[in-house]
Amino acid sequence: MTIINTNSPTMPAAQTPQPATMLEPEVVVDQLRAIRNQIADVAPLTTEQRKALRNTSNRVNNDILQESINMIGAADLVQSAAGQPPAEVRALNEESNRWTAVESELRTMLNAIAGANLIRRQRLALIAGRAYDVGSALAKDPDHAILGPHVAEIKRLKRLARGRKNKPQQDPQKPQTPATPAPSDPQSKPKQ
């Protein structure tokens, strides 16, 4: 007779939490583009268009909007002038509120991604600085002469990145005077 243990401490495979798969940046870009293509009315606005739309929409707070919807429902002439029945305006307002949640999530994700990338760049700067410091010290030893050209190239690139220090330019308010000796006392002129 075989005894089957039904109180097994192991979970079935379907219930075992699986680690999340980390996505490569290119995959994220592809997925974001695919999502963008599935969303209606997604078109970039110019700076001027965005400013004009914000100026218009910022004048109408939620209380004014709700009372305006009530007015549309109260009189056929108002509904006719508005061009939409109150139910459609309420639905548009609800849709706008739901998309606000999407905006917030995307902003949060963008800030998190930008922050993580800033940390990566800072780590890279530290690694590059450490490598340069060690390489510079080792390059002074003839046994590590191969590092000399690398150190020289990094110095050149750093100089280019900073911009070459130009000779100090003259103040445009002061005219440049030639470096001639100052005349001596007029009474001590050479006699001719």
Side-chain angles (χ1 to χ4, degrees), residues 8-66 84 87-166:
S8 172
T10 60
M11 289 186 193
Q15 293 178 355
T16 304
Q18 301 296 317
T21 303
M22 294 295 123
L23 300 175
E24 294 294 323
E26 297 79 11
V27 174
V28 173
V29 169
D30 289 343
Q31 289 183 1
L32 287 172
R33 288 178 179 157
I35 290 171
R36 182 185 59 211
N37 290 335
Q38 295 173 346
I39 300 172
D41 301 327
V42 177
L45 299 173
T46 65
T47 305
E48 295 81 23
Q49 290 171 325
R50 186 177 305 280
K51 187 175 181 178
L53 290 170
R54 279 195 181 130
N55 287 341
T56 303
S57 63
N58 285 343
R59 289 188 223 141
V60 180
N61 67 29
N62 194 51
D63 292 336
I64 294 170
L65 177 63
Q66 294 306 318
Q84 298 200 356
E88 285 183 20
V89 178
R90 280 191 184 90
L92 182 60
N93 183 42
E94 177 61 27
E95 182 182 19
S96 173
N97 290 338
R98 290 175 26 230
W99 280 105
T100 301
V102 176
E103 281 185 69
S104 177
E105 285 299 318
L106 287 173
R107 251 188 227 102
T108 301
M109 186 186 338
L110 176 61
N111 285 335
I113 289 170
N117 217 25
L118 187 59
I119 290 168
R120 285 183 198 98
R121 290 184 187 281
Q122 189 260 351
R123 286 175 53 201
L124 288 167
L126 290 174
I127 292 167
R130 226 178 276 139
Y132 177 75
D133 291 344
V134 172
S136 294
L138 288 174
K140 295 173 185 172
D141 182 351
D143 290 343
H144 300 286
I146 194 166
L147 297 175
H150 295 287
V151 171
E153 180 64 7
I154 291 172
K155 282 182 181 178
R156 185 186 74 79
L157 293 170
K158 283 183 173 184
R159 197 170 34 251
L160 287 175
R162 278 193 309 266
R164 295 192 187 266
K165 303 252 183 202
N166 293 333

Contacts under 3.5 angstrom, residues 141-154 side chains, donor-acceptor by atom type, not counting sequence neighbours:
{"from": "Asp141", "atom 1": "OD1", "to": "Asp143", "atom 2": "N", "distance (Å)": "3.0"}
{"from": "Glu153", "atom 1": "OE1", "to": "Arg156", "atom 2": "NE", "distance (Å)": "3.1"}
{"from": "Glu153", "atom 1": "OE2", "to": "Arg156", "atom 2": "NH2", "distance (Å)": "2.8"}

Scan the side chains in residues 87-99 for donor-acceptor partners under 3.5 Å anywhere in the protein, sequence neighbours excluded, and list what turns up.
{"from": "Arg90", "atom 1": "NH2", "to": "Asn70", "atom 2": "OD1", "distance (Å)": "3.3"}
{"from": "Asn97", "atom 1": "ND2", "to": "Asn93", "atom 2": "O", "distance (Å)": "3.4"}

Listing, residues 118-139 side-chain donor-acceptor contacts under 3.5 Å, not counting sequence neighbours, or none:
{"from": "Arg120", "atom 1": "NH1", "to": "Asn117", "atom 2": "OD1", "distance (Å)": "3.2"}
{"from": "Ser136", "atom 1": "OG", "to": "Tyr132", "atom 2": "O", "distance (Å)": "2.8"}

Could you tell me whether the side chain of Ser57 and the main chain of Leu53 form a donor-acceptor pair under 3.5 Å?
yes
Would you please name every residue forming a salt bridge (Lys or Arg N to Asp or Glu O under 4.0 Å) with Arg107, sequence neighbours left out?
Glu103
Pair up each side-chain donor or acceptor in residues 23-48 with any protein partner under 3.5 Å, not counting sequence neighbours, and list the distances.
{"from": "Asn37", "atom 1": "ND2", "to": "Arg33", "atom 2": "O", "distance (Å)": "3.2"}
{"from": "Thr46", "atom 1": "OG1", "to": "Gln49", "atom 2": "N", "distance (Å)": "3.0"}
{"from": "Thr46", "atom 1": "OG1", "to": "Gln49", "atom 2": "OE1", "distance (Å)": "3.3"}

Contacts of type side chain to side chain contact (heavy atoms under 4.5 Å, CB included), residue Asn61, not counting sequence neighbours
Asp63, Ile64
Leu106 and side chain to side chain contact (heavy atoms under 4.5 Å, CB included): which partner among Val102, Leu110, Thr108?
Val102
